[in-house]
Every structure is written in C-alpha cells, then in structure tokens.
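For reference, the structure discussed in these notes is given below.
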Amino acid sequence: LTVLLQPIVFELEGFEVSRSHGYPLFALVLAIYFLVLLGNVVVMGVIAIDKTLHKPMYVMVCNLAACDLLGGTAVMTQLMVIFLMGEKRIPYNSAYAQAICVHTYGAAVQTILSAMAYDRYVAVCEPLRYHAIMTTAHMVFVILLAWAVAIILIAVLFALNVGTPLCGTYIRHVYCSNRSILNLACVPTPINDIYGLCMTWILSSSSFLIIFFCYSKILSACLMRKSDKGSRSKALQTCASHLVIYLIFEIVSLIIILSNRFPQVPMNIKKFCTILIYIVPPLINPIIYGFVTKELRTSIIKLLKTRVAPKL
C-alpha cells in the first residue's frame with residue numbers, strides 16, 4: 001500500500017442515482033434546507049428580540065437551534081453539491097471540517113438536551129428556589145459546560161487521528177465522518193476505535209440517565225401537586241416538548257443502527273437512513289417548540305404581525 005501525501009482529495013460514494021434524478025433531489029434537499037434555516041433562524045431571532053423570552057429554558061432552546069443548524073448545514077450543503085453538479089470530490093481539510101461538524105452536532109445535541117432537562121427539573125421540583133439557583137451566571141455555566149463537553153470529546157477523537165497515514169481516497173459514505181476516513185488508514189487504529197466506542201457509549205448513557213432522572217422526578221412532582229392543576233399542566237406540556245425532541249433523536253439513531261444490521265436493505269435506503277439524523281431533528285424541533293410552547297408561539301405570532309401589518 002502506498003501512503004498518500006498532501007494534497008489529498010477524497011471522493012464520496014454518495015447516492016447511486018442518475019444525473020436526471022439528481023436535479024429533483026437537489027430541489028428536494030434545497031427545500032428541506034430552506035425550511036430548516038427558516039424554522040431555526042426564526043426561533044433564534046424571536047428569542048433574541050423578545051426580552052420576555054430571555055429565560056434559561058429559551059436560551060437553551062436557542063442553543064439547540066444553533067446546534068441543529070450546524071448539523072443540517074454540514075450535511076445538506078454537501079448533498080446539494082452532489083445532486084446538482086455530480087461533484088463527489090472533497091478536499092482533505094473540507095472533509096475533516098465536515099466530519100468535525102457532524103460529530104460535534106451529534107454530541108452537543110445530547111449534552112444540550114441534558115442541560116434542558118436539568119433546567120426543567122429545577123423549575124418544577126424547586127419552583128421557589130428556581131431563580132436563586134438558575135441565575136444568569138449559572139445558566140451561562142451550564143450552557144458552556146454542555147458545549148465544552150461535546151467539543152472536548154470530539155477534539156480528542158480527531159486529535160488521535162493526527163499522523164495516521166492514509167492509503168485510499170474513496171469514502172464509502174454519503175458524507176465524511178471519523179470512521180469513514182479511518183477506514184482509509186494504512187495501519188490498524190485500535191486506540192481510535194476504542195476511544196470512539198467508549199465516548200459514544202458514555203455520552204449516550206450519561207445523557208439518557210440525566211434525562212431519565214430529571215423527567216421521572218418532574219413527573220413525580222407533578223402528580224403530587226393535585227391542587228395546582230394549571231401549573232402542573234404547563235410543566236408537563238413544556239417537558240413533553242423536550243422529551244419528544246429527545247425521543248425523535250434517539251428513534252432516528254435507532255433507525256440508522258437497524259438499517260445497517262440488515263444486509264438485504266438496498267444501499268440507497270441505508271444511506272438515506274444515515275442522513276435522517278441531520279434532517280429530521282433540525283426540521284422538526286423548531287416546529288415542536290413553535291407550536292407546543294405557548295410563550296414562544298405567542299412571540300412568533302406577535303413578531304409576524306408587527307412585521308406584516310405595516311406593509312398591508
């Protein structure tokens with residue numbers, strides 16, 4: 001095997017579609033990406049503009065929207081280039097940039113959802129002490145911690161790749177990931193493999209345990225408050241939206257795992273399943289928050305009225 005020297009240009013396998021089918025697929029991905037941009041930018045913009053939404057819960061929603069944009073942009077822009085131009089080549093630096101973005105998205109979604117679960121736990125289980133606990137400084141610390149954990153874990157993952165010789169350029173995937181690039185290594189990479197598996201397991205298990213603990217405590221607290229039905233209903237409604245978003249992320253992850261366990265599944269279907277995690281949550285999350293969360297929904301309608309009314 002010949003060790004490759006820079007400049008290295010990878011080639012993605014992509015979807016097996018004809019050029020005539022590439023254009024309608026490009027239009028479909030463009031439409032989805034436009035909706036992802038619109039939904040998440042609106043959510044972020046409304047939260048930034050409306051001072052009544054400058055609360056820990058909505059600041060965390062804003063961070064989740066930013067995370068969704070990171071993952072969606074990293075994958076969907078590459079898909080549009082492939083479908084429109086048939087260009088499957090990707091330079092070395094761009095490949096690693098995309099891989100870092102998709103892995104950071106996957107890790108940060110879990111840490112941010114864990115932070116949101118903790119915020120709701122304090123709000124529902126310690127309502128009288130909520131503002132004393134979730135001060136601005138504490139909120140900033142929790143959000144920075146969520147991002148820091150994700151970024152550090154992924155930074156170490158890719159730091160282990162430094163100096164790994166590559167002997168191939170053909171990436172058998174729709175997008176670039178750490179594993180797809182390491183498959184081109186000239187030598188075995190046991191340390192990278194062990195760290196990647198341990199990191200994934202610890203991160204997924206930790207986020208699940210945090211979210212399960214917080215929402216079980218929230219449910220228990222709500223069921224015990226029989227006198228205050230209004231606040232109980234509001235708390236359950238808010239927590240339900242968070243839980244639905246977490247379940248969507250986990251269900252899509254499960255679909256990806258299951259699709260790769262059945263060899264009879266067509267390759268295009270398998271590839272489609274692998275990109276669902278970068279399309280479905282970023283597309284659905286702002287819709288869930290926009291419709292379910294009353295304060296955010298009211299602010300969006302109010303903003304639209306103030307922007308549209310002067311023109312009419």
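Position 1 is the first residue of the sequence, and the numbers go up from there.
You'll find the ring centres of Phe158 and His103 inside the 6.0 Å limit.
Here Glu13 pairs with Arg172, Lys271 under the salt bridge (Lys or Arg N to Asp or Glu O under 4.0 Å) rule; sequence neighbours left out. Looking at residues two or more places apart in sequence or on another chain, you find a ring pair (Phe, Tyr, Trp, His ring centres under 6.0 Å) between Phe213 and Tyr121.
Shown here for Lys217 and Cys125, the closest heavy-atom pair between the two residues is O-SG, 3.7 Å. Shortest non-hydrogen contact noted between Cys176 and Gln98 is N-OE1, 2.9 Å. For the pair Phe15 and Lys88, the tightest heavy-atom approach, listed with the atom from each and the gap, is O-NZ, 3.6 Å. Nearest approach of Cys62 to Ile47, heavy atoms of both residues: N-CD1, 4.0 Å. Of all the heavy atoms in Val43 and Leu296, the pair that sits closest is CG1-CD2, 4.3 Å. Across Ser177 and His173, no two heavy atoms sit closer than the pair OG-CD2, 4.0 Å.
With rounding to the nearest 0.5 angstrom, the CD1 atom of Ile288 is 3.5 Å from the CD1 atom of Ile248. Here OG of Ser94 is found 10.5 Å from CZ of Phe10. Values are rounded to the nearest 0.5 Å. Rounded to the nearest 0.5 Å, atoms CG (Leu247) and CG (Leu113) are 10.0 Å apart.
Formation of a donor-acceptor pair under 3.5 Å by the Asp119 side chain with backbone atoms of Ala115 is not found in this model.
By the 6.0 Å contact criterion, CZ on Phe212 is open, its count of non-hydrogen atoms from other residues, nucleotides or ligands being 12 or less. Within 6.0 Å of NE2 on His131 lie no more than 12 heavy atoms contributed by other residues, nucleotides or ligands. In this structure, Leu254 places its CG atom where more than 12 heavy-atom neighbours from other residues, nucleotides or ligands lie under 6.0 Å away. A 6.0 Å sphere centred on CZ of Phe272 holds no more than 12 heavy atoms belonging to other residues, nucleotides or ligands.
In this structure, Tyr278 and Tyr105 have tilted ring planes: the angle between them lies in the 30° to 60° band.
The stretch residues 244-257 participates, sequence neighbours left out, in no side-chain hydrogen bond (donor to acceptor under 3.5 Å, both in side chains) pair at all.
Looking only at atom types and distance, the side chain of His21 has a donor-acceptor partner in the side chain of Ser18 under 3.5 Å away.
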